[in-house]
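Whatever order the structure lists ligands and atoms in, that order sets their numbers, starting from 1.
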Amino acid sequence: MKIYLDNAATTKTDLEVAAAILPYMTEHFGNPSSVHQFGKKAKVLLEETRETVAGYLLCKPKEIFFTSCGTESNNTAIKGIACKFIDTKKNHIITSLVEHPSVLETVDYLKNQFGFKVTHVNPDKYGRISLESVEEAVRPETFLISIMHSHNELGTINDIKNISAIAEQHGLYFHSDTVQSIGKTEINLKGLNVNAASVSAHKIYGPKGIGILYKNENTVLEKFIHGGGQERDMRGGTENIPYIAGLKKVFELLIDKGEDDKKKYSELKKYFISEMKNLYGDKIHFNSPVENCLANIVNIRFDNSLKFDEEMLIIKFDLLGIAVSGGSACHSGALKPSSALLKIGYSEKEAMSSVRISFGRFNEKKEIDYFCEKVKEIITF
Ligand code: PLP
């Protein structure tokens, strides 16, 4: 048996999405910048996709830009805003300690290369960023706040609406990494009042290598891929039309089945939690919060009084055919503890005893039964 419970890392591409991609490689292979009918066909698809995406995210089509991934979108948003403040008195960025590396390393780069100052706001024990901590971090030199919508390891959802209100009150730019939230919880980009937000297709049953940057129509970003003026001169390079066709299908499916998906995630998560509690009682801890958490993610920790090899935990699950995640691989291939959990305050041992389970559209209840049963083969209770 092979069970995939790592949907926050990536998802299987939906067959309908895969089917939507192929014709734009083999039949409608035109370049959208060409004036002939092959080009026009691609151009129509490009603009239709922008409309579909904007319809789902509740923003304007002209606010949607196609990128190669969530990482590129985060880089473009943060660097694109920061570029305007190089060598000015406004030189301070606020982010959190537990952002995705595509945000953390981008602000590190800006700090090391251009001398920007960065405040990393501390999260609470669930990885949540409080309004007070953001407010306290604001200085006269601040120009940007970047806080993720939901945490990729814990599922914790931040109060982005009120964090963006702080940014607005102080006249600051606000960016949010919404990669894990799209399709998992309600997102209304207009309502969130963000200058920029990032989306990745492979977390929502699309292919790897295509993402979205949402940029509010009143926000001007410095571009950093110069070229043929594509994407309204924001990102040079011939657009990835086949994957954009896939992305259109991704959002059509979210519009059609998104509510069913969310219901399924919630049911699976509820069932998982109750089965684990029934079987293992207080020997299982839940690192994820009960409230304001994504329906598809639950992060658990095995009590350190139990007998198990925490360094081998994820590998042992893998040997049983169960794909889950915890920590990250280091250069030697060995697992090291999740840096987010360490920053939140867990010890190395606790972090290594933690596992993220993330559900997806294709999971079934019987897979949860299998997981819950197999735990006994790895851990002596
Ligand atoms: N932001 C978050 C919160 C993520 O979880 C990820 C992917 O794991 C990314 C950004 C990066 O997305 P991509 O893999 O498309 O670069």
Side-chain angles (χ1 to χ4, degrees), residues 4-13 17 53 57 64-80 95-109 120-121 123 126-129 146-158 160 163 174-185 187 189 192 194 196-214 224-225 235 240 243-244 246-247 250-251 265 288 292-299 323-329 338-341 343-344 356-360:
Y4 189 75
L5 290 172
D6 200 15
N7 290 277
T10 195
T11 54
K12 175 169 146 179
T13 302
V17 173
V53 171
L57 295 177
I64 297 296
F65 296 84
F66 300 113
T67 64
S68 66
C69 56
T71 298
E72 184 190 322
S73 303
N74 282 341
N75 270 261
T76 308
I78 296 171
K79 290 179 186 162
T95 189
S96 88
L97 258 188
V98 291
E99 297 292 311
H100 187 265
S102 54
V103 168
L104 290 176
E105 296 200 11
T106 299
V107 296
D108 273 357
Y109 164 81
H120 293 90
V121 168
Y126 296 119
R128 184 170 288 125
I129 307 305
S146 176
I147 301 287
M148 69 203 316
H149 192 278
S150 58
H151 196 267
N152 43 306
E153 290 182 45
L154 294 153
T156 309
I157 300 173
N158 281 314
I160 292 301
I163 297 179
F174 183 64
H175 161 255
S176 187
D177 176 349
T178 55
V179 164
Q180 290 291 345
S181 300
I182 306 294
K184 321 291 162 43
T185 186
I187 292 265
L189 284 182
L192 283 181
V194 293
S198 313
V199 182
S200 175
H202 74 95
K203 311 285 185 185
I204 38 179
Y205 316 103
K208 291 150 198 68
I210 183 104
I212 294 168
L213 169 69
Y214 160 82
F224 75 100
I225 301 189
R235 181 181 188 263
N240 187 345
Y243 278 14
I244 288 171
L247 198 58
V250 162
F251 279 84
Y265 305 145
S288 299
N292 294 324
C293 187
L294 296 179
N296 66 321
I297 295 183
V298 58
N299 196 305
V324 286
S325 77
S328 54
S338 144
S339 63
L341 292 187
K343 286 176 193 166
I344 285 170
R356 176 187 71 185
I357 294 102
S358 48
F359 310 105

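Checking Leu294, Ile344, Ile297, Val298 one by one against Leu154, the side chain to side chain contact (heavy atoms under 4.5 Å, CB included) holds for a single residue, Ile344.
Scanning for side chain to side chain contact (heavy atoms under 4.5 Å, CB included) contacts around Ser338 gives Glu153, Ala340, Leu341, with sequence neighbours left out. Applying the side-chain hydrogen bond (donor to acceptor under 3.5 Å, both in side chains) test to Ser150 and every residue at least two apart in sequence or in another chain returns Ser181. Residues passing the side-chain hydrogen bond (donor to acceptor under 3.5 Å, both in side chains) test with Tyr205, sequence neighbours excluded: Tyr265.
Of the N and O atoms on the side chains of Ser325 and Arg356, at least one donor lies less than 3.5 Å from an acceptor on the other residue.
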Between ligand 1 and the protein, give all atom pairs where both partners are nitrogen or oxygen and the distance is under 3.5 Å, as lines of names plus distance to 0.1 Å.
from, atom 1, to, atom 2, distance (Å)
ligand 1, 1 (N), Asp177, OD1, 3.3
ligand 1, 1 (N), Asp177, OD2, 2.6
ligand 1, 5 (O), Gln180, NE2, 2.8
ligand 1, 8 (O), Lys203, NZ, 2.5
ligand 1, 14 (O), His202, NE2, 2.8
ligand 1, 15 (O), Gly70, N, 2.8
ligand 1, 15 (O), Ser200, OG, 2.6
ligand 1, 15 (O), His202, NE2, 3.4
ligand 1, 16 (O), Thr71, N, 3.0
ligand 1, 16 (O), Thr71, OG1, 2.6

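Using a 4.5 Å heavy-atom cutoff, the side chains of Arg235 and Ser68 are in contact.
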